[in-house]
Amino acid sequence: TLKRAYAEIVVAEYAERYGDKVSGYWFDQGLYADMARLHDVVRLYNDKAVLAFNKGQAVPLTNNNGPYEDFTFGYPHTDLLRYPASDCVNYGAITSIESSSLGGYFYKDGVGSLGHLWMPSSSDWASGSIVWIVGQAQEWQSRMMNAGGAWTWSVKLGTGSDVSLIDVDDVSFLKDVYEGLRSGPPYVYRCGVSTSSPTLSVLPSYSPSVSALPSVDPSQLPSVTLLPSQSQVPSFSPSDSSKLAWWMSGNHGLSFRLPGGLNYLSAYFDVSAFVGQFKDELHKYGVKWMIVNLSSPSSGDRYLSPHSVLTSLNRGSTPKHVPAGEWSGHGAIVDSLVDRDLFGEIVTELNSMSVKVIAYLASEGPAMLASHERRAYDYNMRSEYVDSCVLCPSLVGESAPFCACAPSVWQWKEHVRNVYGVDDDATLKRAYAEIVVAEYAERYGDKVSGYWFDQGLYADMARLHDVVRLYNDKAVLAFNKGQAVPLTNNNGPYEDFTFGYPHTDLLRYPASDCVNYGAITSIESSSLGGYFYKDGVGSLGHLWMPSSSDWASGSIVWIVGQAQEWQSRMMNAGGAWTWSVKLGTGSDVSLIDVDDVSFLKDVYEGLRSGPPYVYRCGVSTSSPTVSVKPSAQPSNSLYPSSSIFPSYIPSIIPSISFIPSLSNLPSLLPSAYPSVSV
């Protein structure tokens with residue numbers, strides 16, 4: 001109702017006031033928009049107004065919102081601190097309009113959306129310094145426009161007495177760009193190779209700084225002896241159709257989260273108690289694997305196993321055995337403690353039960369490429385085992401006031417420079433694969449059956465793939481990079497199963513929300529035996545779902561019947577399902593939370609081998625209305641009647657007098673309103 005009121009009270013008044021004086025509307029936060037109603041309200045007062053909604057995939061360009069959008073919202077990567085608008089991560093927007101559009105339009109259900117890019121000139125949307133080389137800006141804008149697309153520059157305003165003017169640097173930049181816009185090739189491909197040559201050809205620079213750009217050709221990076229030569233890496237042809245994740249197909253697993261490094265939980269986690277509970281309570285239900293942290297969740301600065309380089313650089317980055325009673329609240333004297341291989345202990349116990357282990361790793365690595373050093377465990381820290389006030393001046397110099405650095409990050413970068421000669425992002429990604437992951441992959445070999453790499457945007461996927469396969473040629477890999485829902489093969493020859501995340505805003509959309517329903521329908525309708533193919537390579541459809549309102553905390557968010565249905569359908573279609581559960585608290589911190597154990601047992605006992613199903617987010621295949629299946633077990637009585645769920649059919653929403661009836665609106669049939677099941 002709040003979304004409806006926003007459209008019919010707020011937007012309607014403005015749309016009526018400005019009529020055809022406003023030619024279009026760009027709606028931010030599209031996930032929170034009633035797009036159909038906003039579309040109709042705007043078109044009521046200007047039937048030629050164009051609309052865009054910030055909802056869906058940004059790069060490459062596509063028509064995300066069917067009949068409701070007239071042009072793409074056009075955002076670059078949202079992390080402008082890490083990826084300025086000029087970064088190659090956004091290059092796919094240019095190539096997509098050239099290769100996938102029809103005269104600049106992207107079509108969905110017969111409706112075209114004009115490809116459009118909205119690019120900030122500077123390091124932030126309304127502040128910062130110019131981040132573009134003039135020649136690159138000219139090329140990208142030219143190519144976008146020549147393909148029939150549209151381009152918008154976001155500029156900053158001045159300061160002081162010039163606060164009502166466009167900043168002088170932006171004016172100068174725009175004039176330089178506009179004066180050199182080209183009507184056609186040749187182009188300088190800033191993020192690839194020229195169409196006329198297999199090598200990078202550089203045209204005379206529009207700006208003196210263009211020629212000064214460093215080459216990112218991997219062959220120019222210094223070689224190291226950490227890995228055998230490329231010829232010794234197991235061959236992996238992009239056309240290879242082997243299905244290494246076969247053991248996951250039709251099966252299910254579990255995951256839980258542990259922090260890495262030296263902390264109370266990693267020091268005292270009772271592996272025997274954890275495995276004993278799992279063996280007694282859940283193993284009998286056919287759990288085939290566990291995803292276990294080898295690094296901290298979403299953080300590459302700490303690990304759950306000793307490492308010859310990381311532990312020596314900063315001993316607080318890996319676990320230690322701390323004698324009972326000696327924990328001081330912030331860590332014992334680290335040099336006196338014995339290293340603990342907590343990950344290895346868990347692997348050994350699970351392998352003894354024929355439960356496979358998939359290692360979780362944060363791809364940002366010790367350089368904290370995704371999170372920034374401010375999120376490192378030792379940032380601005382004074383403790384018994386790290387003192388940034390002592391270490392930072394020698395590592396960073398006077399540029400680190402008030403002890404504000406993370407010694408672990410700077411020590412790692414220094415080590416990388418000593419090995420490779422440089423520490424740019426490409427080299428840091430390479431070093432993460434060849435120094436960090438390689439040592440762990442060699443240590444565990446075939447004891448670890450797979451690797452799930454978080455933060456895939458910061459991963460050298462090809463190198464990680466080859467490093468892992470060097471030490472276990474049957475290991476399966478997944479990368480958290482690309483489209484989550486509906487399921488698809490995002491990463492071609494480098495992934496064996498989909499990363500499987502639900503919508504990431506768990507506060508707004510718990511894992512059980514209908515926004516994730518497309519993952520279920522996609523594996524049923526678009527996969528081949530559970531596999532999604534890209535360039536002839538199959539990736540097994542896999543979902544990784546938290547049981548609770550957050551990944552490792554909160555309350556259960558699932559009705560047992562719905563959880564049974566979604567997991568059943570996923571597995572019956574040949575896919576894989578992993579539940580993420582939380583650990584207990586207090587004396588039960590080494591055990592799976594009792595509420596999660598109870599929930600999982602209820603779900604597992606009622607998994608079904610086939611229909612009929614209750615479609616939580618749509619209608620039954622056998623009926624146009626929601627049908628409720630008789631309970632499979634007593635606990636299914638928690639499943640509410642379908643009649644108490646609000647209808648999402650637009651015609652059922654009550655009308656109000658200050659907006660004309662739907663019949664008076666421009667032609668957009670109610671049947672075109674998006675289903676909640678999308």
Side-chain angles (χ1 to χ4, degrees), residues 257-271 292-346 359-396 400 402-416 418 423 428 431-432 435-437 439-440 443 454-455 552 589-590:
R257 291 191 168 196
L258 287 172
L262 174 56
N263 56 76
Y264 186 89
L265 187 55
S266 69
Y268 296 120
F269 187 79
D270 190 338
V271 175
V292 181
N293 291 94
L294 182 46
S295 77
S296 279
S298 305
S299 187
D301 60 337
R302 289 159 292 161
Y303 295 81
L304 282 90
S305 175
H307 189 280
S308 62
V309 174
L310 300 180
T311 306
S312 63
L313 289 176
N314 195 317
R315 285 184 54 77
S317 64
T318 58
K320 305 288 179 284
H321 287 284
V322 181
E326 292 190 15
W327 187 265
S328 66
H330 204 68
I333 303 302
V334 68
D335 288 336
S336 67
L337 302 176
V338 177
D339 290 322
R340 182 185 189 186
D341 186 357
L342 178 54
F343 179 81
E345 293 173 33
I346 297 170
Y360 166 99
L361 282 160
S363 296
E364 68 174 4
M368 300 293 282
L369 291 177
S371 306
H372 193 274
E373 68 171 306
R374 287 189 297 271
R375 288 190 58 192
Y377 78 97
D378 57 344
Y379 181 80
N380 199 13
M381 174 183 280
R382 305 196 74 172
S383 75
E384 294 91 336
Y385 58 88
V386 62
D387 189 337
S388 60
C389 291
V390 172
L391 295 171
C392 288
S394 62
L395 291 168
V396 187
F402 310 112
C403 321
C405 91
S408 62
V409 173
W410 288 87
Q411 288 165 335
W412 167 248
K413 289 183 176 180
E414 184 177 60
H415 179 78
V416 171
N418 291 337
D423 66 352
L428 290 170
Y432 171 69
I435 299 177
V436 178
V437 177
E439 179 171 321
Y440 288 133
R443 177 181 304 161
D454 205 355
Q455 304 159 330
V589 73
S590 297

With a 4.5 Å cut-off on side-chain heavy atoms, are [Y] and [X] touching?
X      : Y      : value
Val437 : Leu361 : yes
Pro259 : Leu265 : yes
Tyr303 : Pro366 : yes
Lys320 : Val338 : no
Phe343 : Val292 : yes
Tyr360 : Asp454 : yes
Asn293 : Arg257 : yes

Look up atom [atom1] in [X] and atom [atom2] in [Y], then write down how far apart they are to the nearest 0.5 Å.
X      : Y      : atom1 : atom2 : result
Glu345 : Leu304 : CD    : CG    : 10.5 Å
Leu342 : His321 : CG    : NE2   : 8.5 Å
Leu313 : His415 : CG    : NE2   : 6.5 Å
Cys405 : Arg374 : SG    : CZ    : 13.0 Å
Met368 : Tyr379 : CE    : OH    : 12.0 Å

Exercise. Does the side chain to side chain contact (heavy atoms under 4.5 Å, CB included) test come out yes or no for Leu428 and Trp412, once each step is laid out?
Worked result: CA-CA 9 Å; Leu428 290 170; Trp412 167 248; 3.9 Å; yes

Problem set entry | Modelled atom types, side-chain donor and acceptor of Ser298 and Gln455, under 3.5 Å | no

Exercise. Any chance the side chains of Ser317 and Ser408 put a donor and an acceptor closer than 3.5 Å?
Worked result: no

Does [X] use its side chain to pair, donor to acceptor, with the backbone of [Y] at less than 3.5 Å?
X      : Y      : value
Ser299 : Ser296 : no
Tyr440 : Ser305 : yes
Arg340 : Ser266 : yes
Asn314 : Thr311 : no
Asp341 : Gly344 : yes
His307 : Ile435 : yes
Glu373 : Ala406 : yes
Ser590 : Asp270 : yes
Glu364 : Ser371 : yes
Tyr432 : Ala362 : yes

Exercise. Given the rule in the side chain to side chain contact (heavy atoms under 4.5 Å, CB included) test, do Thr318 and Asp339 qualify, once you have shown the distances and angles that lead to the verdict?
Worked result: CA-CA 7 Å; Thr318 58; Asp339 290 322; 4.3 Å; yes

Problem set entry | More than 12 heavy atoms from other groups under 6.0 Å of OH on Tyr268 | yes

For this session: Could you pull out the closest heavy-atom pair between Gln411 and Leu391, with the gap in Å?
Result: NE2-CD1, 4.2 Å

Problem set entry | NZ/NE/NH1/NH2 to OD/OE distance under 4.0 Å, Asp301 and Arg375 | no

